[in-house]
Number of protein chains: 2
Amino acid sequence: MNSSDAPIAQQPGAHQLRRSNSRKILHAAWDQGPVTASELIEATGLTRATVLNQAKELVAAGWLREAADTRSAGEYSKGRPALRYELDDSSGLIAGLDAGQHRITLALADLTGAELLREEVRTDPEAGAEQRITAVIGLLQRTLGSLGVQRFAALVIAVPAPVDSAGRSPEHPEGFWQRMNPNWITALEPYAQLLAVDNDANLAAVAEMRAGASGSFAALMVGERLGAGIVVDGALLRGGQGFAGEMRALSYVSGVGNALGLGYLARKEAREALENGRVSTLRREGLDARQVFRVAAAGDLLAGEILESLGERLARIAAVTAGFLGLERIVLCGAMAEYLDPVLCIAHRELAKDPELAAVQLAASSLGADVALKGALANALDLVRRAAPFAK
Amino acid sequence: MNSSDAPIAQQPGAHQLRRSNSRKILHAAWDQGPVTASELIEATGLTRATVLNQAKELVAAGWLREAADTRSAGEYSKGRPALRYELDDSSGLIAGLDAGQHRITLALADLTGAELLREEVRTDPEAGAEQRITAVIGLLQRTLGSLGVQRFAALVIAVPAPVDSAGRSPEHPEGFWQRMNPNWITALEPYAQLLAVDNDANLAAVAEMRAGASGSFAALMVGERLGAGIVVDGALLRGGQGFAGEMRALSYVSGVGNALGLGYLARKEAREALENGRVSTLRREGLDARQVFRVAAAGDLLAGEILESLGERLARIAAVTAGFLGLERIVLCGAMAEYLDPVLCIAHRELAKDPELAAVQLAASSLGADVALKGALANALDLVRRAAPFAK
DNA sequence: TCGACTTTATTTAGATGCTAAATTTATATC
DNA sequence: GATATAAATTTAGCATCTAAATAAAGTCGA
């Protein structure tokens, strides 16, 4: 009997998860070339009416564009020619940034993931956070400016430090992690719609996933210091404060004892042996891992011994990491991956001694020295795909 | 100009994810007592019309029931009394089964998770798969029969073996894992609508999560053999063939060397010391871990040494597992957890020596000897909640 | 006991985003 | 130009929501 006016306010908001089909359609169109509506119907299980409707909206929103029709594309067909849509790759740029200790590399790609250009600047490894930030912002502004683009659709930054889910790195006694990750997220916020920071090994793992790895595996960076990106059941692990994949615990593993990288150890062992007067074809000038491998291949005894010790070490590291987590595969990443084969052979031999562990596959990555950067790009692309279609 | 009839068949199906709001409402009503529609509006953000509509349907479907109205429940209020709904807990039973080596325990609970009854049968640890299956089926049939229930809404089985995502266990040289998990999923399919098998340590981890644990931690079973349920970033790890949390790799950890449990080692070390003629108040008859702890508390030197060695061992195990994964916490589970304190103290002392590792919290579970069973129940409840509302 | 008041349920009228089916359009072939 | 084909477009209808108005069920004070 309430005859007063006052309408009862009911919750507004809503509209929640509607429009989920436009995402379906966009995703189905993403990685193929031009697609006809019929193919989209097939792929999404939606009705023709829906597909055409949504496709029209996606074109209006700048996510898709109409391509030449089926007939002109070659496939002969009777009947009315089908409309064809393709991803409007000009509608956004994605970026990956490898902010390493000595070098900062920026890679750009379009929305299909095709790389467009790459820029690189060197930095003083001792440089403070401020300097690094201005160097990166300069690089970004220059690149954006020269392309006449406001900002990137997504930017992912690879850093040599643990990174938690919020993009922060824990404190390090010497402040190294803070220097490597001076809160990039807030610093670079103006330059990308979607932004993420991650550990370089984690991004290497992402790159490996994109290249086909699946299930449970680790991407192990083997150069200067060991660090792993760990994927279990298809999901990248992060852990408290981003510590998953940190290799400090190797100090408890017998026959390993530290988390030093294979490259570092190759140099160190060679240098020490030479200082102790060992005979070898190794030269002290320009002594690096590559030289050790080369000389070993030519039959040098000392270098051979070094590789032997590295191989045994690697086998133990693989056995332990894989053992606790049920990893099926360990992929060795970094610049050394290209010439790591001899060490891999030794490690395989060692692993085969314990049949229970033979299940772990150990292999070198085929993605080259810039895996982390590739992973950053892959991750950036993924961010866009997951968020799309969003307003631009 | 095609005036023929032939209607173009367009995709049927559809209806996909609609009705998602009924799930929202059911979930909001699940763990509270009786709830008014207004409270559901608040909790779900939906309109009154929607909430009442869906609630009505959920009542019809047997998931909710109407409870006494607000007024009669005590809270005074003016105006028209609100309808109140509550979970119809009589509408389904969930079950957890701990299918251990020596003992099989069945626990039943209603849909709120309140435990109703527990049954236990002993089994010959050497019994074959067939025998174990018939024992379990007998137990289930008896229980279902006595309650006059067709089948459980969900049943989760805990087994002492690795279990992959399909519920299978890998082959074990002695066939142990197959005996413990003789493909329970297919064997027990008639007895529950939702069915899952998992490793007991994994389910212990689930129980800990239900009890409030979050982030990254491990539930470590410490009795006869070590085994862990590992949770990273809130997700339970499984790994290839379910091997995540297997502790075989401890054979590579210096000062540990094997995956034997603390209880087993306490007995073994005590027995060996006595055989070597060590003086102690320990008695050889009925020698078990508990006795070692008791005697140590009374000042026995030998027992004290044993606890000391267990503590140091535990510290290393914790450091290694936590180190690789960034675990924030390790919870010790199993029957021993209740009296494990002295060993924990020693382990804490050891961990504190390395400040980098002091971040790992080490604690005994407060969930008692039947953690795995509790986890199985929790998991079963979760299965139902995730699947609900489904046809019954 | 009656009515004012409060808080809720119920009803009614759109809006949205889809399906299903009929209809129209664009092209190739004969 | 008629015919066939395969597509786009239109139209109707349905399910599930929101928004707003209306009815109901109780309390409270006079």
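Since we're looking at a predicted model, the values are computed, not measured. Here is the naming used below: chain letters follow the sequence lines, and residue numbers restart at 1 for every chain.
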Send over the distance from [X] [atom1] to [N] [atom2], rounded to a whole Å.
X: A:Arg80; N: D:dT9; atom1: CZ; atom2: C1'; value: 7 Å
X: A:Ile41; N: D:dA6; atom1: CD1; atom2: P; value: 14 Å
X: B:Arg48; N: C:dT12; atom1: CZ; atom2: P; value: 18 Å
X: A:Glu66; N: C:dA26; atom1: CD; atom2: C1'; value: 15 Å
X: A:Leu83; N: D:dA7; atom1: CG; atom2: P; value: 11 Å
X: A:Asn53; N: C:dT16; atom1: CG; atom2: P; value: 13 Å
X: A:Lys24; N: C:dG17; atom1: NZ; atom2: C1'; value: 13 Å
X: A:Arg84; N: D:dA6; atom1: CZ; atom2: P; value: 17 Å

Nearest to the side chain of [X], which nucleotide is it out of [options]?
X: A:Gln54; options: C:dC18, D:dC17, D:dT18; value: C:dC18
X: A:Ala37; options: D:dA8, D:dA7, C:dT19; value: D:dA8
X: A:Lys56; options: C:dC18, D:dT9, C:dA9; value: D:dT9
X: B:Thr50; options: D:dT18, D:dA8, C:dC18; value: D:dT18
X: B:Ala49; options: D:dA19, D:dT10, D:dC17; value: D:dA19
X: A:Ala82; options: D:dA24, D:dA7, D:dA19; value: D:dA7
X: B:Thr47; options: C:dT24, C:dC18, D:dC17; value: D:dC17
X: B:Leu52; options: D:dA8, D:dC17, C:dA9; value: C:dA9
X: B:Pro81; options: D:dA25, D:dA7, C:dT19; value: D:dA25

Open item on the list: Looking only at the aromatic ring of each residue, does the gap between the centers of B:Phe390 and B:Trp63 stay below 6.0 angstrom?
Closed with: yes
Open item on the list: Please give me the minimum heavy-atom distance between A:Ala244 and A:Gly239, naming the atom from each residue.
Closed with: CB-N, 3.9 Å
Open item on the list: So which atom in A:Ala154 and which in A:Leu383 form the shortest heavy-atom distance, rounded to 0.1 Å?
Closed with: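 Smallest interatomic distance, heavy atoms only, reads CB-CB, 4.4 Å.
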- [ ] For B:Ser90, check side-chain contact (heavy atoms from CB on, under 4.5 Å) against everything at least two apart and list the hits.
- [x] B:Arg65, B:Asp88
Task: Listed once per pair and sorted, the side chain to side chain donor-acceptor pair (under 3.5 Å) pairs that draw on residues 203-217 of chain A, sequence neighbours left out - done: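 As it turns out, the side chain to side chain donor-acceptor pair (under 3.5 Å) pairs with a partner in residues 203-217 of chain A, which skip direct neighbours, are A:Glu208-A:Ser365.
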